[in-house]
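One structure below.
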Amino acid sequence: WSQLRGSVDLSTPLNADGSVRARVAAMTDDHDSHLDRYHTRNRALLATVEADLTPATTLWAGIEHQAKRPTGVTWGGLPMVYQDGSPTHWPRSFSIGADWTEWNTTSNTAYVGLEHRFDNGWSLKSNASRLDSDYTSKLFYLLGQPDAGGSGINPYPNYSQQSFTQNSASLQATGPFALLGRTHEAVVGLTGSQSNYTYGNYSYTTGPVGNIFKWDGSYAEPVWGAFRPLGDDRTRQSAVYGAVRLSLADDLKLIVGGRQSRWETRSLSETRKHDVFTPYAGLIYDL
């Protein structure tokens with residue numbers, strides 16, 4: 001399907017002793033499909049740097065970028081039956097995607113982390129990240145069942161815009177401890193995030209579909225009207241957790257842990273929240 005793809009992935013030390021390292025990876029991809037008129041163009045980029053501040057402390061930071069640009073996209077399926085109830089038989093390549101349809105997504109992430117390893121075997125790791133995503137779509141759907149002449153289908157277009165941002169952070173400590181003559185493991189941590197999701201669409205004016213059997217994607221793009229905000233959701237999440245892996249015997253481990261989670265979302269019309277503790281336990285036996 002006329003696919004063209006290229007990628008590069010480069011990792012290299014940035015100083016003589018290799019204590020500072022970098023990686024850059026990129027990808028580009030263009031291809032058609034077995035579906036008529038569908039085409040997509042995808043791009044991705046990763047760039048990250050890692051540095052050993054001391055033999056026991058590592059700092060890293062990076063960015064990620066992804067962009068997808070499909071055109072001639074579909075939205076929903078095809079009618080399964082005619083108006084008289086008999087089954088339809090669409091060609092495998094048949095697509096209701098109009099020439100002007102698209103579903104663009106762009107995502108950018110920046111992150112930073114720090115880990116320190118103590119002499120007693122414990123380690124402390126922290127992470128922080130920022131995500132920004134944008135979605136713009138012009139879509140088209142066909143409603144109803146056709147008759148024998150291809151009539152009876154109604155148009156349903158949609159032009160929408162969405163935006164999602166999220167700030168996240170976490171802190172985790174892991175390590176061994178001695179109890180009753182055996183060595184065990186423990187983990188404790190906390191995590192939190194704050195996000196904002198906004199979305200809406202445009203009003204439209206459009207015309208009839210005509211004979212579906214003569215559909216070739218040349219249906220005229222609707223006349224789009226004013227933007228209509230539909231949602232503005234703000235979510236906060238936080239959690240604290242802990243677990244131990246107890247060595248009951250050389251081949252038997254008992255895991256016991258729990259997580260206290262808090263979650264709240266405020267939308268244009270309501271506020272939802274919960275605060276719940278989730279315990280868990282498990283056994284691991286080495287055969």
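- A distance-only check finds no donor-acceptor pair linking the side chain of Thr88 to the backbone of Trp90 [under 3.5 Å].
- When side chains are defined from C-beta on, Thr198 does not count as touching Pro229, because their heavy atoms never get closer than 4.5 Å.
- Applying the 6.0 Å contact sphere to CZ of Arg130 captures more than 12 heavy atoms from other residues, nucleotides or ligands.
- Side-chain contact between Arg21 and Asp52 is present, with heavy atoms from C-beta onward closer than 4.5 Å.
- Just one residue in the list Trp224, Tyr204, Trp100 forms a ring pair (Phe, Tyr, Trp, His ring centres under 6.0 Å) with Tyr159, and that residue is Trp224.
- Counting non-hydrogen atoms of other residues, nucleotides and ligands closer than 6.0 Å to NZ of Lys253 gives a total above 12.
- For Thr48 (side chain) and Ala61 (main-chain N/O), a donor-acceptor pair under 3.5 Å exists by modelled atom type.
- Applying side chain to side chain donor-acceptor pair (under 3.5 Å) to Gln161 and the options Tyr202, Tyr135, Tyr199 leaves one that passes, Tyr202.
- Here the closest non-hydrogen pair linking Asp99 and Ser218 is OD2-CA, 3.4 Å.
- Under the side-chain hydrogen bond (donor to acceptor under 3.5 Å, both in side chains) criterion, Ser126 pairs with no residue at all, not counting sequence neighbours.
- Heavy atoms of other residues, nucleotides or ligands lying less than 6.0 angstrom from CG of Leu180 number 12 at most.
- In terms of modelled atom types and a separation under 3.5 Å, the side chain of Asp32 and the main chain of Ser2 share no donor-acceptor contact.
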side-chain contact (heavy atoms from CB on, under 4.5 Å) for Val24 and Leu45? Distances and angles first, verdict last.
CA-CA 7 Å; Val24 176; Leu45 172 68; 4.3 Å; yes
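- Contact annotation: the side chain of Arg272 never approaches that of Asp233 to less than 4.5 Å [non-hydrogen atoms, C-beta and beyond].
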Trp60 vs Glu115, side-chain contact (heavy atoms from CB on, under 4.5 Å): CA-CA, chis, key distance, verdict
CA-CA 9 Å; Trp60 61 90; Glu115 181 180 15; 3.8 Å; yes
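- Note on residues 134-153: pairs passing salt bridge (charged side-chain N to carboxylate O under 4.0 Å, His left out), not counting sequence neighbours, are Lys138-Glu221.
- No side-chain heavy atom of Phe177 sits less than 4.5 Å from a side-chain heavy atom of Asn120.
- Note on residues 170-180: pairs passing side chain to side chain donor-acceptor pair (under 3.5 Å), not counting sequence neighbours, are Ser123-Thr174, Gln172-Tyr241.
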Test log, rule salt bridge (Lys or Arg N to Asp or Glu O under 4.0 Å), inputs Asp250 and Arg182
CA-CA 9 Å; Asp250 290 344; Arg182 304 191 68 87; 2.6 Å; yes
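- At distances below 3.5 Å, at least one donor-acceptor pair connects side-chain atoms of Thr101 with backbone N or O atoms of Val73.
- The nearest pair of heavy atoms linking Asn15 to Val20 is OD1-N, 3.2 Å.
- Under the side-chain hydrogen bond (donor to acceptor under 3.5 Å, both in side chains) criterion, Asp286 pairs with no residue, sequence neighbours left out.
- Judged as a ring-ring contact (aromatic ring centres under 6.0 Å, His included), and not counting sequence neighbours, the contacts of His274 are Trp263.
- Applying the side-chain hydrogen bond (donor to acceptor under 3.5 Å, both in side chains) criterion to Arg228, with sequence neighbours excluded, gives Asn201.
- Judged by distance alone, with hydrogens and angles left aside, the side-chain atoms of Trp215 form a donor-acceptor pair with the main-chain N or O of Ser95 at under 3.5 Å.
- Within the 3.5 Å criterion, the main-chain N or O of Ser247 finds a donor-acceptor partner in the side chain of His184.
- Cluster annotation: Leu143 is connected to Phe94 through the hydrophobic network of ILVMFWY side chains, with a link wherever side-chain heavy atoms come within less than 4.5 Å.
- Side-chain atoms of Tyr219 and Thr206 include a donor-acceptor pair closer than 3.5 Å.
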side-chain hydrogen bond (donor to acceptor under 3.5 Å, both in side chains), that's the test. Do Arg117 and Thr58 meet it? Break it down for me.
CA-CA 9 Å; Arg117 298 164 293 278; Thr58 303; 3.1 Å; yes
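- There is a side-chain donor-acceptor pair under 3.5 Å between Thr40 and Asn42.
- Residues near Leu10 contribute nothing to a hydrophobic cluster around it, because no ILVMFWY side-chain heavy atom sits closer than 4.5 Å to its side chain.
- With hydrogens and angles disregarded, no donor-acceptor distance shorter than 3.5 Å links the side chain of Arg259 to the backbone of Ala239.
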Could you check Arg234 against Asp232 for salt bridge (Lys or Arg N to Asp or Glu O under 4.0 Å), going step by step and ending with a plain yes or no?
CA-CA 7 Å; Arg234 300 176 184 271; Asp232 187 350; 3.7 Å; yes
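- A salt bridge does not link Arg37 with Asp216: every distance from a Lys NZ or Arg NE/NH1/NH2 to an Asp or Glu carboxylate oxygen is 4.0 Å or more.
- Not counting sequence neighbours, the partners of Arg69 by the side-chain hydrogen bond (donor to acceptor under 3.5 Å, both in side chains) test are Thr106.
- When side chains are defined from C-beta on, His65 does not count as touching Ile63, because their heavy atoms never get closer than 4.5 Å.
- Among residues two or more places apart in sequence or in another chain, the ring-ring contact (aromatic ring centres under 6.0 Å, His included) test is passed with Tyr156 by Trp75.
- Every residue two or more places apart in sequence or in another chain was checked for a ring-ring contact (aromatic ring centres under 6.0 Å, His included) with Tyr280, and none qualifies.
- Contacts classified as ring-ring contact (aromatic ring centres under 6.0 Å, His included) and involving residues 109-133 (residues at least two apart or in different chains) are given here: His116-Phe118.
- Not a single ring-ring contact (aromatic ring centres under 6.0 Å, His included) links His39 to another residue, sequence neighbours left out.
- Using a 4.0 Å cut-off between a side-chain N of Lys or Arg and a carboxylate O of Asp or Glu, Arg236 and Glu264 do not qualify as a salt bridge.
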